[in-house]
Each structure stands twice: as structure tokens, then as C-alpha cells.
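See structure below.
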Amino acid sequence: RPPLPAPPRRAATEPPARVALASLNNLYKLTPELFATWMEILRRVPHATLALLEGRQGARTNARLRAEARLLGVDPHRLLTARPQSKDLHLLRSRDFHLFLDTWKVASHSTAVDSLW
């Protein structure tokens with residue numbers, strides 16, 4: 001498959017409006033300890049957002065994660081839901097993120113490779 005065109009870049013001196021983090025892994029890979037660590041990152045980087053893949057049970061799982069984020073001191077609106085997409089659209093949206101977060105016990109495998117594509 002030919003590479004996709006490079007996205008436009010900000011000027012080096014222009015600060016980002018936000019830091020876009022993502023973990024597009026299946027949500028079963030999340031543990032309470034890992035999620036708490038990611039919420040600590042969001043508390044320390046107040047202009048960061050975290051995109052998580054929509055859970056297999058639909059938006060209900062992500063709503064529970066937003067409720068947990070609130071309990072951990074993070075505005076739940078900073079957790080974004082990434083809905084399943086076709087492979088091409090999935091690869092394109094990967095460009096919207098600055099940093100991909102992996103899971104600890106079950107690594108991302110092909111999800112990590114997709115983020116590097």
C-alpha cells in the first residue's frame with residue numbers, strides 16, 4: 001500500500017493547543033492501575049486529552065470510564081471516544097494524536113504498528 005501524504009505541521013515555535021494522547025487498544029486490556037496512571041498523566045498535563053477506542057459494549061463502557069475519570073480528578077470531557085473505523089480511516093485518524101499509550105499486561109501489537117504507519 002502506498003504511504004499516505006504527510007499531514008501539515010505547525011510551526012516549531014507555535015505551541016500546541018492541546019496534547020492529544022490515544023490508546024486505540026481494546027478496552028479489556030485496561031487495568032484499574034493503568035487507567036489511574038493515565039489519569040495522573042492527564043492531571044499533570046492539563047491541556048491533554050485521551051482518546052480511547054469505543055468499547056465492545058458500545059458507549060456504555062466509555063461512559064463508565066468517564067465516570068471513573070471524574071472520581072480520579074479528571075474532567076470526563078477530556079476522554080474522547082474513537083469509534084471503530086475502516087482501516088484507511090483508522091490510519092488517517094492516527095495522525096491526529098501526538099502520543100500513543102500502550103497497555104502493560106497485553107501489549108498493543110498491530111495497534112502500535114498502525115500508529116507508526
Side-chain angles (χ1 to χ4, degrees):
R1 158 187 338 225
L4 299 168
R9 298 281 183 192
R10 292 179 166 288
T13 57
E14 184 180 347
R18 66 181 174 96
V19 175
L21 308 173
S23 177
L24 302 180
N25 294 293
N26 286 312
L27 295 180
Y28 76 85
K29 297 180 180 184
L30 294 180
T31 64
E33 297 83 13
L34 177 62
F35 189 74
T37 300
W38 290 352
M39 295 305 99
E40 177 65 21
I41 292 169
L42 291 180
R43 283 194 304 275
R44 291 181 184 214
V45 185
H47 59 283
T49 59
L50 173 59
L52 298 171
L53 194 62
E54 182 176 79
R56 291 182 181 181
Q57 297 177 350
R60 290 181 297 164
T61 303
N62 300 80
R64 287 194 299 268
L65 290 172
R66 280 194 279 288
E68 184 66 19
R70 182 185 305 279
L71 292 174
L72 293 171
V74 174
D75 179 350
H77 292 98
R78 294 173 61 201
L79 266 64
L80 311 175
T81 300
R83 300 201 58 170
Q85 299 279 348
S86 70
K87 184 71 165 182
D88 288 339
L89 290 176
H90 174 71
L91 292 173
L92 282 173
R93 84 168 151 204
S94 293
R95 295 177 174 181
D96 294 335
F97 306 113
H98 298 105
L99 183 67
F100 283 83
L101 305 179
D102 202 355
T103 53
W104 294 337
K105 294 189 178 189
V106 182
S108 61
H109 305 286
S110 61
T111 303
V113 172
D114 288 345
S115 71
L116 297 172
W117 179 259

CG of Leu79 to CG of Leu42: how many Å apart, nearest 0.5 Å?
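Separation between the atoms: 6.5 Å.
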Answer yes if the side chains of Ser86 and Asp88 hold a donor-acceptor pair under 3.5 Å, and no otherwise.
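No, no side-chain donor-acceptor pair sits under 3.5 Å.
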Give me the atom names and distance for the closest heavy-atom approach of Leu50 to Met39.
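Taking Leu50 first and Met39 second, the nearest heavy atoms are CD2-CE, 3.9 Å.
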Where do Arg18 and His98 come nearest, in terms of heavy atoms and distance?
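Scanning both residues, the minimum pair turns out to be O-CE1, 3.3 Å.
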I want to check something: taking the side chain as every heavy atom from C-beta on, are [X] and [Y] in contact at a cut-off of under 4.5 Å?
| X | Y | value |
| --- | --- | --- |
| Leu27 | Asn62 | yes |
| Arg93 | Leu24 | yes |
| Leu52 | Thr61 | no |
| Leu30 | Thr103 | yes |

Among pairs that include at least one residue of residues 32-51, which meet salt bridge (Lys or Arg N to Asp or Glu O under 4.0 Å), considering only residues two or more places apart or in two chains?
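Every pair satisfying salt bridge (Lys or Arg N to Asp or Glu O under 4.0 Å) with a residue in residues 32-51: Glu40-Arg43, Glu40-Arg44.
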Sequence neighbours excluded, every pair satisfying salt bridge (Lys or Arg N to Asp or Glu O under 4.0 Å) that has a member inside residues 71-80
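Every candidate salt bridge (Lys or Arg N to Asp or Glu O under 4.0 Å) pair involving residues 71-80 fails, so no pair, neighbours aside, qualifies.
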Hphob cluster co-occupancy, [X] + [Y], side-chain heavy atoms under 4.5 angstrom:
| X | Y | value |
| --- | --- | --- |
| Val74 | Leu99 | yes |
| Leu65 | Leu101 | yes |
| Leu80 | Leu89 | no |

If you apply the rule side chain to side chain contact (heavy atoms under 4.5 Å, CB included), what do you find for Leu21 with Trp38, and how did you get there?
CA-CA 10 Å; Leu21 308 173; Trp38 290 352; over 6 Å; no
Using the test ring-ring contact (aromatic ring centres under 6.0 Å, His included), find all partners of Phe97 that sit at least two apart in sequence or belong to another chain.
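For Phe97, the residues satisfying ring-ring contact (aromatic ring centres under 6.0 Å, His included) (neighbours in sequence not counted) are Phe100.
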